[in-house]
Each structure stands twice: as structure tokens, then as C-alpha cells.
Amino acid sequence: MRLTIRDTKTEVGHYIGDYIARRINTFVPSEGHANFVLGCPTGSSPLPVYARLVELYKAGKVSFKVINMDEYVGIPRDHPESYHTFMFKNFFSLIDIDPKNTNLLDGNAEDLYQECEAYEAKIKAVGGIDLFLGGIGADGHIAFNEPGSSLKSRTRIKTLAYETILDNCRFFNNDLAAVPRMALTVGVQTVLDAREVVLVVTGQNKALALSQMIEGGVNHMVTASALQSHPWALVVCDEDATSELRVKTVKYFKSIEKVQDEVEAKYGEAGAGRLGLSRVTAA
Ligand SMILES: N[C@@H]1[C@@H](O)[C@H](O)[C@@H](COP(=O)(O)O)O[C@@H]1O
């Protein structure tokens with residue numbers, strides 16, 4: 001796992017947006033895997049990333065094809081806080097994606113079990129997810145994989161933790177009763193199956209979760225810690241989110257980035273990649 005630290009949320013958004021655009025632009029299609037597949041989170045943390053991707057799209061620097069993610073159960077698809085509305089409002093309607101290439105779980109499906117199974121099958125059918133972009137809950141959850149979720153879990157129905165309901169209350173006019181109690185979510189293993197995972201972690205309220213997922217062991221109570229076992233995981237955070245990390249940890253990851261900059265300056269990004277040191281190669 002790699003950790004990259006930027007000063008502000010906006011810089012984190014720029015860094016990840018540019019990173020994703022590079023990955024999309026260097027993608028080579030193959031049989032059964034025609035398009036770059038991006039997995040997307042909701043929440044406030046990824047907003048600067050989407051804003052940067054929209055900016056790059058408007059500048060003609062990137063174009064989009066296929067995208068995927070999670071959803072509440074029990075609120076209509078056109079509810080202002082449904083993840084469907086969130087994704088169209090903040091991303092899909094602002095880029096050139098064909099709506100048939102956007103894939104969201106349907107929290108109102110008649111058979112929710114079948115919906116989850118079909119979602120996993122769909123991911124396989126598009127050739128797997130190339131890059132899963134994720135956020136993190138204050139309790140360390142990834143997607144809606146609440147504490148105690150199996151680290152081998154796949155797309156399924158999840159009951160939300162009380163802390164998450166409280167946290168997400170801000171999106172529902174602070175009306176606790178209005179926050180859905182259940183959601184459909186990709187599983188931890190679904191995320192781990194992606195070829196690459198990039199996590200956006202910003203703000204002081206995520207500092208404890210960040211230190212637990214990076215400095216603690218792999219643990220089902222902090223499901224994002226499962227990324228420690230992923231061969232190609234990158235966490236990008238702002239300075240505020242580092243406040244619970246050890247000084248030594250922060251210095252270590254900053255020093256790796258410095259060496260990488262030197263290698264890239266000497267060999268170029270492609271050359272550094274061949275040496276296994278590029279930002280776009282595995283940790
Ligand atoms: N299911 C989403 C997560 O995917 C997201 O990472 C988390 C944090 O959201 P925010 O970035 O607004 O703190 O909220 C929800 O629980």
C-alpha cells in the first residue's frame with residue numbers, strides 16, 4: 001500500500017483526478033475487456049476528484065465509458081440523496097458517459113439478493129474493475145462494509161451501523177429518522193478484486209480511521225485495512241487526515257515519494273514504471 005499526502009482536499013482531488021485520467025488514457029482494450037472500468041464512491045470526499053475529472057474532460061484530456069458502485073435501500077431512485085442522484089448530479093451528467101455504461105445497484109429492486117448477484121455477474125462481464133476509487137467512513141468502512149463485515153464479502157444487503165446513520169444524517173437535513181437503515185454494497189472482496197484501488201481520505205474526522213487502516217493490522221472492524229493485502233493500493237490524503245499517524249509513518253511515506261520523484265525525473269514515468277517505481281505501478 002502506498003500513501004501520498006497533499007496539503008489540501010483540492011490538491012488531493014487534483015492528484016487523484018490526474019492519476020485516473022492517466023490510467024484511462026493508457027488503457028489498452030483486449031477481448032472481453034473493451035473499456036476501462038472505474039468503480040466510484042459517493043460522499044463528500046470524492047467531490048474534488050470528480051470536479052477535477054470534469055475539468056479534464058472539458059479540456060479534452062479524458063473521455064469516459066464505463067462506471068460502477070453502491071446504493072441505499074428504501075428511498076426512491078430520484079430522491080435527492082440517493083446515490084443514483086448523487087452520481088448523475090456530480091459526475092455522470094457533466095461528462096460524456098453514455099447512461100447505458102453507468103452501472104448502479106438498484107436499492108428498490110424487487111429481489112435484492114438477485115440484484116446483488118446480478119451486479120457481481122455484471123462486473124465479471126465487463127472484464128472486472130480496473131480501478132476502484134473509494135472513500136472511507138469515520139469508522140473505517142469502505143463502500144458500506146461496516147465494522148464486522150467479512151473481508152471475503154461480495155455484493156450484498158448491509159444494515160448500516162449507528163455511527164454511519166449519524167454521520168450521513170447531514171445529507172438528510174439532520175433528520176436521523178430519514179436516513180435509510182439498509183444499503184446494497186459491493187463487498188470487501190469485490191473491492192479487493194479490482195486491479196487497482198485508490199482511496200481518498202480527507203479531513204480530521206478521518207484521521208483515526210486512516211491511522212487504524214495503515215498502522216493497525218488487517219481487521220474486520222476497520223474494513224478499509226483489507227487494502228493492506230491488495231497488490232496495488234494507493235491512499236491519497238490531506239494533511240488534516242494525517243493527525244493521528246505517527247510522525248515516523250508520515251516521514252516514511254513522504255520519503256518514498258521523494259525517491260520516486262527523483263527516479264521519474266531521471267528515467268521518465270514510463271522508465272520508472274519498468275523499474276517498478278512509477279506511481280502507476282504496484283506497491
Ligand atoms: N457509503 C459511503 C462511503 O462510500 C463513503 O466513503 C462514506 C464517507 O463519506 P464522506 O466522504 O462524505 O465522509 O460515506 C458513506 O458511508
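On a predicted model such as this, the values are computed, not experimentally measured, just so you know. Order of listing sets the numbers, starting from 1, for every ligand and every atom in it.
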Exercise for review: Keeping the roles fixed (side chain from Ser153, backbone from Gly187), state whether a donor-acceptor pair exists under 3.5 Å.
Suggested key: no
Check your understanding: Taking 4.0 angstrom as the limit, do Arg195 and Asp130 come out as a salt bridge?
Key -> yes
Practice item. Considering the heavy atoms of Ser45, write down every atom of ligand 1 situated less than 4.0 Å from one of them. Key: 10 (P), 11 (O), 13 (O)
Practice item. Just go through Ala161, Gly135, Ala138 and tell me whose heavy atom is the nearest to atom 6 (O) of ligand 1. Key: Gly135
Exercise for review: Among all protein heavy atoms, pick out the one at the shortest distance from atom 5 (C) of ligand 1; state its residue, atom name and that distance to 0.1 Å.
Suggested key: Thr42 O, 4.1 Å
Practice item. Starting from atom 15 (C) of ligand 1, find the nearest protein heavy-atom neighbour and note its residue, name and distance. Key: Tyr83 OH, 3.6 Å
Check your understanding: Any Lys/Arg nitrogen of Arg52 or Glu11 sitting under 4.0 Å from an Asp/Glu carboxylate oxygen of the other?
Key -> no
Practice item. Could you list which atoms of ligand 1 come closer than 4.0 Å to a heavy atom of Phe144? Key: 1 (N), 15 (C), 16 (O)
Practice item. Please identify which atoms of ligand 1 are closer than 4.0 Å to at least one heavy atom of His141. Key: 7 (C), 15 (C), 16 (O)
Check your understanding: Would you call Arg23 and Glu196 a salt bridge, using N to O less than 4.0 angstrom?
Key -> yes
Practice item. Using a strict cut-off of 4.0 Å, indicate which atoms of ligand 1 neighbour a heavy atom of Lys206. Key: 8 (C), 10 (P), 11 (O), 13 (O)
Study note, to complete from the structure: among protein heavy atoms, the one nearest atom 9 (O) of ligand 1 is Gly43 CA, 3.8 Å
Exercise for review: Measure the distances from the heavy atoms of Arg170 to every atom of ligand 1 and state whether one is below 4.0 angstrom.
Suggested key: yes
Practice item. Please confirm whether Phe27 and His33 have ring centers closer than 6.0 angstrom. Key: yes
Practice item. Around atom 8 (C) of ligand 1, find the nearest protein heavy atom and jot down its residue, atom name and distance. Key: Ile136 O, 3.5 Å
Study note, to complete from the structure: re atom 4 (O) of ligand 1, the protein heavy-atom contact at minimum distance is Ala143 O, 3.6 Å
Check your understanding: Would a distance-only check, ignoring hydrogens and angles, find a side-chain to backbone donor-acceptor pair under 3.5 Å from Lys206 to Ile136?
Key -> yes
Point to revise | Phe144 and Tyr72 aromatic ring geometry - parallel, tilted or perpendicular at 30°/60° bounds | key: tilted
Review point. Between Glu244 (side chain) and Ser211 (backbone), is there a donor-acceptor pair under 3.5 Å?
Key: no
